[in-house]
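Read through the structure below, which is laid out as structure tokens, and then see the notes.
This is a predicted model, so every value here is computed, not measured.
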Amino acid sequence: MILLLGAGVASNSAQAQFEIRSVFPVGDVLPFALAVGDFNGDGIPDVAVVGSAPGEIQILLGNGDGTFRPRAAYPTAFGFHPATASLRHNGILDLVIGAAGGDEVNVMLGNGDGTFQPAVSYPTAAESSMVGLGDFTGHGNVDVLNLEGVSALGVVCSCIQVLPGNGDGTFGAPITTPITNTTPGAIATGDFNNDGNLDVAVAGAFISTYQVDILLGNGDGTFTDDGFYVLDGAGPMATGYFTSDKTKVDLAVGNGGGVGVLLGNGDGTFQLPVYYQTGGLSTWVIAQDLDGDGKVDLATSDSGPPEGASVFKGNGDGTFQTGEFYPVGNRPNLQFIAAADFNNDGKPDLVFVGNLTEQVTTLLNTGSATFSPTSPLTFTNQLLGTTSAPQSVTLTNSGTTPMAISSVVSSGPPFRMTANTCSGSLAPSAQCSITAEFTAQTKGTVSGGITINDSASSKPQFVELIGIGSELAINPTKLAFPPQKVGTESVPRVIHLTNVGKTNMGFTHFIYIYGTGDAQFSQTNDCGTHLRPGGSCAITVSFEPQRSGAFRAYVQVENNGGFTPESIPLTGAGNSGN
């Protein structure tokens with residue numbers, strides 16, 4: 001029997017809530033995955049980000065507050081998923097990256113200060129889909145587990161290979177075990193039958209057989225096929241103890257729009273999957289106690305729509321509560337999620353990579369201090385010299401004891417805290433609010449924040465403020481045409497653009513009309529390529545419906561005036577009558 005649970009994704013109202021703390025750009029590299037570890041030995045988690053276009057590993061050192069700073073970058077063959085461990089038994093973390101475009105595994109030895117030695121390549125039978133680390137040969141050293149499909153020369157392996165570790169950061173010739181039931185796409189490891197040897201679960205690749213193969217380890221780098229389990233979909237996986245029985249390793253499998261949970265029987269077999277719905281298309285899954293209650297929770301990165309994280313609170317009996325969704329805006333195309341305590345407050349936080357927006361995003365665990373919204377307060381497209389409408393964030397005590405709030409402090413201009421009801425003691429389930437506004441002083445994006453010291457965390461809570469100033473004044477900001485007879489042209493209407501800044505403002509592309517009704521509208525303009533300070537130009541828009549019905553489109557103005565593109569809504573209705 002296959003059971004569907006969690007028919008929806010709830011609003012974020014329980015403990016272990018997460019809010020966006022930092023968005024860190026990684027340049028022109030398209031990040032795909034990351035590895036978390038303390039690479040410089042300061043006790044603060046860092047991240048190694050792997051990306052393509054071109055292939056590169058970026059080392060970002062944690063600042064201890066949920067933000068990062070760049071340390072070093074290294075060119076390498078593009079690999080989907082890096083892994084980290086101390087390969088030399090010296091406490092210094094090293095990196096292993098499989099080459100997606102070549103038949104090799106790359107090993108980068110750490111120097112202990114956040115830098116790494118150049119990559120050393122070890123040949124494999126085919127290109128890597130994913131790597132894992134563990135003692136698969138029983139020698140007490142860290143081995144590399146490499147999942148492989150088709151080689152760069154077109155040779156099909158469809159196998160896993162173990163590269164035995166020598167304990168000094170080098171590796172021996174690979175040991176191969178074929179995969180016969182599916183085209184491999186993802187792996188997860190654990191001792192599924194309690195014999196002391198690491199086993200491997202292999203999920204089918206995208207557009208292949210949706211199943212998970214179980215390969216039991218023989219302790220010498222080889223594996224024995226122990227059957228497979230059919231799922232509604234297969235993808236990234238995580239293992240853990242989802243019940244109180246620590247002799248039975250369980251399995252969570254991302255399957256696109258949800259997570260399938262297979263409870264282990266402790267003998268290498270698993271129960272039928274139970275499914276939980278995610279907020280978007282799940283691209284990665286982790287299993288970890290996120291709220292400190294001693295029970296394993298699940299979290300997924302969801303590439304939308306919508307984009308964000310789905311967090312499933314574990315009940316400790318192998319079941320999970322309905323997922324709570326935490327949005328990460330700006331369509332980042334999230335590919336990966338990991339957890340670590342990035343601000344040293346004793347609670348695990350979440351970190352993501354966004355492929356399309358080329359950024360790393362952290363969501364801090366606020367514990368019983370529940371914020372709404374969880375995303376930054378963002379004031380967009382504010383004309384220079386003007387002040388935005390106020391925005392508010394609500395804080396709820398979702399704990400069972402009173403929360404003491406000792407201080408609430410704003411970072412100051414160009415932001416201003418206009419109201420604050422958060423002070424003193426906040427009873428369980430009680431709420432308070434903080435309100436802020438933004439006055440645009442310079443074009444482009446600026447950031448600030450509101451810092452809250454409360455008893456829900458040993459570190460200050462932080463509400464990020466983002467403001468985007470624009471030097472382009474638009475009048476009017478939208479055009480609504482009256483009904484127009486089909487086949488006739490309306491009276492033209494004019495949109496005026498003015499540069500209120502102190503420097504020339506350029507139009508980076510043509511001014512144009514787009515949208516589902518774009519063919520019904522036309523425009524001409526005298527704007528040229530730029531506007532001088534104080535200068536104005538005009539866009540003349542006409543509406544000529546070709547059929548009856550309501551139409552919507554936009555005048556798109558791409559510019560370097562601080563906020564782009566400017567989209568000016570156009571509406572009109574075609575009338576087939578007289």
After noting the C-alpha distance and the side-chain angles of Gln17 and Glu19, does the key distance pass the side chain to side chain donor-acceptor pair (under 3.5 Å) rule?
CA-CA 7 Å; Gln17 180 186 272; Glu19 66 166 358; 5.7 Å; no
Can we say Asp291 and Lys313 salt-bridge, meaning some charged N sits less than 4.0 Å from an Asp/Glu carboxylate O?
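Yes, charged N to carboxylate O under 4.0 Å.
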Could you give the distance from [atom1] ([X]) to [atom2] ([Y]), rounded to the nearest 0.5 Å?
X      : Y      : atom1 : atom2 : answer
Thr189 : Met237 : OG1   : CE    : 9.5 Å
Ser411 : Phe462 : OG    : CZ    : 6.5 Å
Asn559 : Ser470 : CG    : OG    : 6.0 Å
Phe24  : Asn63  : CZ    : CG    : 8.5 Å
Gln335 : Phe32  : CD    : CZ    : 5.0 Å
Phe342 : Phe68  : CZ    : CZ    : 4.5 Å

List the atom of [X], the atom of [Y], and the distance in Å for their closest heavy-atom pair.
X      : Y      : result
Val50  : Pro82  : CG1-CD, 3.4 Å
Gly134 : Leu198 : CA-CD1, 4.0 Å
Gly258 : Ser282 : O-OG, 3.2 Å
Leu147 : Gly185 : CD2-C, 3.6 Å
Gly235 : Ala203 : O-CB, 3.3 Å
Asn343 : Gly66  : CB-N, 4.1 Å

Are the side chains of [X] and [Y] in touch, meaning some heavy atoms are under 4.5 Å apart?
X      : Y      : answer
Val500 : Leu383 : yes
Asp135 : Asn141 : no
Phe336 : Thr283 : no
Tyr74  : Met108 : yes
Val408 : Ser423 : no
Leu133 : Asp143 : no
Ile405 : Cys432 : yes
Asn344 : Ile44  : yes

Checking Thr435 against Ser392 for the side chain to side chain donor-acceptor pair (under 3.5 Å) test, could you report, in this order, the C-alpha distance in whole Å, the side-chain angles of both residues, the deciding distance, and whether it holds?
CA-CA 4 Å; Thr435 303; Ser392 297; 2.6 Å; yes
Show your reasoning for whether side-chain contact (heavy atoms from CB on, under 4.5 Å) applies to Leu87 and Phe171.
CA-CA 10 Å; Leu87 306 177; Phe171 294 87; 3.9 Å; yes
Within the side chain of [X], is there an N or O that forms a donor-acceptor pair under 3.5 Å with the backbone of [Y]?
X      : Y      : result
Ser368 : Asn397 : no
Asp349 : Asn365 : yes
Asp341 : Pro348 : no
Thr380 : Ile468 : no
Lys443 : Asn560 : yes
Arg69  : Gly62  : yes
Asp250 : Phe242 : yes
Thr421 : Ser433 : yes
Arg88  : Leu93  : no
Thr300 : Val285 : no

Is there a donor in the side chain of [X] and an acceptor in the side chain of [Y], or the other way round, less than 3.5 Å apart?
X      : Y      : result
His89  : Asp168 : no
Ser457 : Gln461 : no
Tyr326 : Glu324 : yes
Ser121 : Asn106 : yes
Gln556 : Ser567 : yes
Gln288 : Asp297 : no

Run the side chain to side chain donor-acceptor pair (under 3.5 Å) check on Glu566 and Asn381 step by step: do they pass?
CA-CA 8 Å; Glu566 297 273 11; Asn381 194 16; 3.0 Å; yes
For residues 444-456, please give each side-chain donor-acceptor pair under 3.5 Å, one per line with the distance, not counting sequence neighbours.
from	atom 1	to	atom 2	distance (Å)
Asn453	ND2	Ser407	OG	2.9
Asp454	OD1	Ala456	N	2.9
Ser455	OG	Ala404	N	2.9

Derivation of the side-chain contact (heavy atoms from CB on, under 4.5 Å) call for Ile20 and Glu464:
CA-CA 8 Å; Ile20 295 177; Glu464 189 171 14; 4.3 Å; yes
Applying side chain to side chain donor-acceptor pair (under 3.5 Å), run through Gln431 and Thr396 and close with a yes or a no.
CA-CA 4 Å; Gln431 294 182 332; Thr396 303; 3.0 Å; yes
Parallel under 30°, tilted from 30 to 60°, perpendicular over 60°: which one fits the rings of Phe39 and Phe116?
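Correct class here is perpendicular.
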Identify which one of Thr170, Val144, Leu145 satisfies the side-chain contact (heavy atoms from CB on, under 4.5 Å) criterion when paired with Leu163.
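Testing each of Thr170, Val144, Leu145 against Leu163, the sole residue satisfying side-chain contact (heavy atoms from CB on, under 4.5 Å) is Val144.
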side-chain contact (heavy atoms from CB on, under 4.5 Å) evaluation trace for Leu34 with Val36
CA-CA 7 Å; Leu34 54 80; Val36 176; 3.7 Å; yes
Could you work out, with salt bridge (Lys or Arg N to Asp or Glu O under 4.0 Å) as the rule, every residue matching Asp345, not counting sequence neighbours?
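Result, salt bridge (Lys or Arg N to Asp or Glu O under 4.0 Å) vs Asp345: Lys347.
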Leu290 vs Phe18, test: side-chain contact (heavy atoms from CB on, under 4.5 Å). Steps then yes/no.
CA-CA 10 Å; Leu290 298 175; Phe18 298 88; 4.2 Å; yes
